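Input: a single structure, listed below in structure tokens.
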2 protein chains.
Amino acid sequence: MRPGVSPDTFPPRGHEAKRLSIVDAAAGVFCREGFAGANIDLIAAEAGVSRQTVYNHHRDKEKLFIAVVRDLTERCNAGIFATIATFPDQPGDLEADLIGFAVRLNQNCICNRDGKFLRKLIQTEGERYPELFAEWREQGPGRTWPAIAARFARLAYGGHLTIDDPDVAARQFLGLVNAELQTTFMLGGTPCEDEVVQSATNGVRTFLRAFGKHPSPAGVKKHTALANA
Amino acid sequence: MRPGVSPDTFPPRGHEAKRLSIVDAAAGVFCREGFAGANIDLIAAEAGVSRQTVYNHHRDKEKLFIAVVRDLTERCNAGIFATIATFPDQPGDLEADLIGFAVRLNQNCICNRDGKFLRKLIQTEGERYPELFAEWREQGPGRTWPAIAARFARLAYGGHLTIDDPDVAARQFLGLVNAELQTTFMLGGTPCEDEVVQSATNGVRTFLRAFGKHPSPAGVKKHTALANA
DNA sequence: ACAAATTTAGACACCCTTGTCCAAATGGTC
DNA sequence: GACCATTTGGACAAGGGTGTCTAAATTTGT
């Protein structure tokens, strides 16, 4: 197929590019209209492609849908793991660092296009494709949550936090940090940056009040690095 | 229409009963299939009614959908307020009381049939009917969240909690208490009672570690009622 | 420039769904 | 029993969607 791996960004410029633009357009239409309401003609038009080309790349509507979900899952997971890599291991200002991490997670993985689309498709069609979304559950939360938990465990081991169960703490961290965005998420909206920062700030403060080392009630911050597991 | 307000439970037994069973069946079908995929014939069949009867009660598919959402919103709201009335104002064991409240809220309002259906419809079709779901947002979270916040404010005023912003605390309480149910909710599932209790217990414990009066680090519980705002 | 692969536009058969119409059947009320 | 409203089932037109097929146009690799 390919001559010898072209040095530029897009390998087989024509064919694969169309495949991508089809899956991309399909993601948008499936999200807006739902599986039943999605129209192949519309997907083709938004992809800038003829309807027949859609059928050439994906045998039928269902196959196309599955390709969309797999694609989104893969990209979202990559983004989440990339963000987890920025988790503050040796924090200077723990509160600020955790807020930054939470904001990055939200902006880069949950509120961006892929995250929003994947969430909507899971909510909308999750029950119709049990095995497809079971796969997502394993590859997504099943791998990312423990990864975040491991980071919190490390912070606790380093004496920066007091945590009984890192898995519970990780889930609660996510719950707290998104506490003020629930309604917006429900309705499929995208919270603006201010809202994300606000929710993260409030969430992290509460999280640290529960799991932090309580530097001082007077407001002065001193951090001593001793582990007392 | 009615002869003279029949003394029994169902006023015009035939007509209104059918209206209910139609809306009921429609809720189920709309949730399973989405608006576009929902089939009026199927709704009629599940309601045990002829298709024409569906059109007699609700002019068209969209009107029927709107009736379903309004119906669910109303019933869910009633349930939530009824549960808020059981919020522990003068707690004996604050932790146990808050856990109980959280479990009731989840089991009676969020995990039950109505709650599950309403959530799904909001997620699935929220963007298609902005004004309808804006109404839900005002009547639902817009009224219930402040009501919960007021209860927490009262607990704080009574010296049982230390809370800066009761609104934030209320949202975080809900976020914490549901932290472990997110994935299940996403996929449209219904968590079993054990999961609900577990999530509520972990959530309330963390909540109290952040906002509680820290009775003692040794495990003994003494509660002094003094307000130190 | 040539040959192979891919894309395109259009027409097509097939099926399903919505919403309407109507005549017959049903059910409650006096 | 008679009258009223409601329900029923069936037929119906209109519209829209999926997936297939074909021949012509275009792109791609050599």
Side-chain angles (χ1 to χ4, degrees), chain A residues 1-26 28-68 125 128-129, chain B residues 1-26 28-68 125 128-129:
Chain A
M1 279 289 174
R2 305 199 227 150
V5 177
S6 75
D8 262 336
T9 28
F10 15 158
R13 204 159 54 264
H15 194 61
E16 209 57 24
K18 288 205 187 294
R19 178 172 227 107
L20 265 197
S21 91
I22 291 171
V23 172
D24 235 48
V29 175
F30 278 133
C31 281
R32 281 208 315 277
E33 317 288 347
F35 180 83
N39 182 318
I40 302 272
D41 286 342
L42 184 58
I43 292 173
E46 286 198 15
V49 146
S50 84
R51 180 173 67 248
Q52 185 58 34
T53 301
V54 176
Y55 283 105
N56 285 346
H57 284 267
H58 311 273
R59 193 155 308 285
D60 58 26
K61 199 179 177 181
E62 189 169 313
K63 299 277 192 314
L64 173 57
F65 178 79
I66 291 175
V68 166
E125 312 291 343
R128 194 186 311 279
Y129 298 88
Chain B
M1 279 290 172
R2 304 198 229 153
V5 178
S6 75
D8 262 338
T9 29
F10 16 160
R13 204 162 54 264
H15 194 61
E16 209 57 24
K18 289 205 187 293
R19 178 174 227 106
L20 265 197
S21 90
I22 290 171
V23 173
D24 235 48
V29 175
F30 278 133
C31 282
R32 281 209 315 276
E33 317 287 348
F35 180 82
N39 184 319
I40 302 273
D41 285 341
L42 183 58
I43 292 173
E46 286 197 14
V49 147
S50 84
R51 181 172 68 247
Q52 185 60 31
T53 302
V54 175
Y55 283 104
N56 285 346
H57 285 267
H58 311 272
R59 193 155 308 285
D60 57 25
K61 197 178 176 182
E62 189 169 313
K63 300 277 193 311
L64 173 57
F65 178 78
I66 291 174
V68 166
E125 313 291 343
R128 194 186 310 279
Y129 299 87

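Everything numeric here is computed off the predicted structure, so don't read it as measured data.
- Across every non-hydrogen atom of Ala67(A) and Val23(A), the tightest pair is O-CG1, 4.5 Å.
- Contact between the side-chain N/O atoms of Thr53(B) and the OP1/OP2 oxygens of dT8(D) is found at a separation under 4.0 Å.
- Taken residue by residue, residues 57-64 of chain B places heavy atoms nearer than 4.0 Å to DNA chain C at Asp60(B), Lys61(B).
- Close to dT7(C), at under 4.0 Å from its OP1 or OP2, lies no side-chain N or O of Ser50(A).
- In this structure, Asn39(B) and Glu33(B) have side chains that are not in contact, with every pair of non-hydrogen atoms separated by 4.5 Å or more.
- Checked by distance alone, Arg51(A) brings a side-chain donor or acceptor within 3.5 Å of a matching partner on the base of dG19(D).
- Applying the side chain to side chain contact (heavy atoms under 4.5 Å, CB included) criterion to Gln52(A), with sequence neighbours excluded, gives Ser50(A), Tyr55(A), Asn56(A).
- In this entry the distance linking CZ of Arg19(A) with P of dT6(C) reads 11 Å, nearest Å.
- Rounded to an integer number of Å, the gap from OH of Tyr55(A) to C1' of dT6(C) is 18 Å.
- Closest heavy-atom contact between Ser21(A) and Val49(A): OG-CG2, 4.5 Å.
- Between His57(B) atom NE2 and Leu64(B) atom CG the span is 11.0 Å, to the nearest 0.5 Å.
- At a threshold of 4.5 Å between non-hydrogen side-chain atoms, the residues His58(A) and Ile66(A) do not count as touching.
- The CZ atom of Arg128(A) lies 7.0 Å from the CZ atom of Phe35(A); values are rounded to the nearest 0.5 Å.
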Legend entry - Worked check of side-chain contact (heavy atoms from CB on, under 4.5 Å) between Asp60(B) and Lys63(B): CA-CA 5 Å; Asp60(B) 57 25; Lys63(B) 300 277 193 311; 3.1 Å; yes
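- Atom CD of Gln52(A) and atom P of dT20(D) are 8 Å apart (whole Å).
- Shown for residues 28-43 of chain A: residues whose heavy atoms fall under 4.0 angstrom of DNA chain D, namely Ala38(A), Asn39(A), Ile40(A).
- Residue Lys18(B) has no polar side-chain atom (N or O) positioned under 4.0 Å from OP1 or OP2 of dG27(C).
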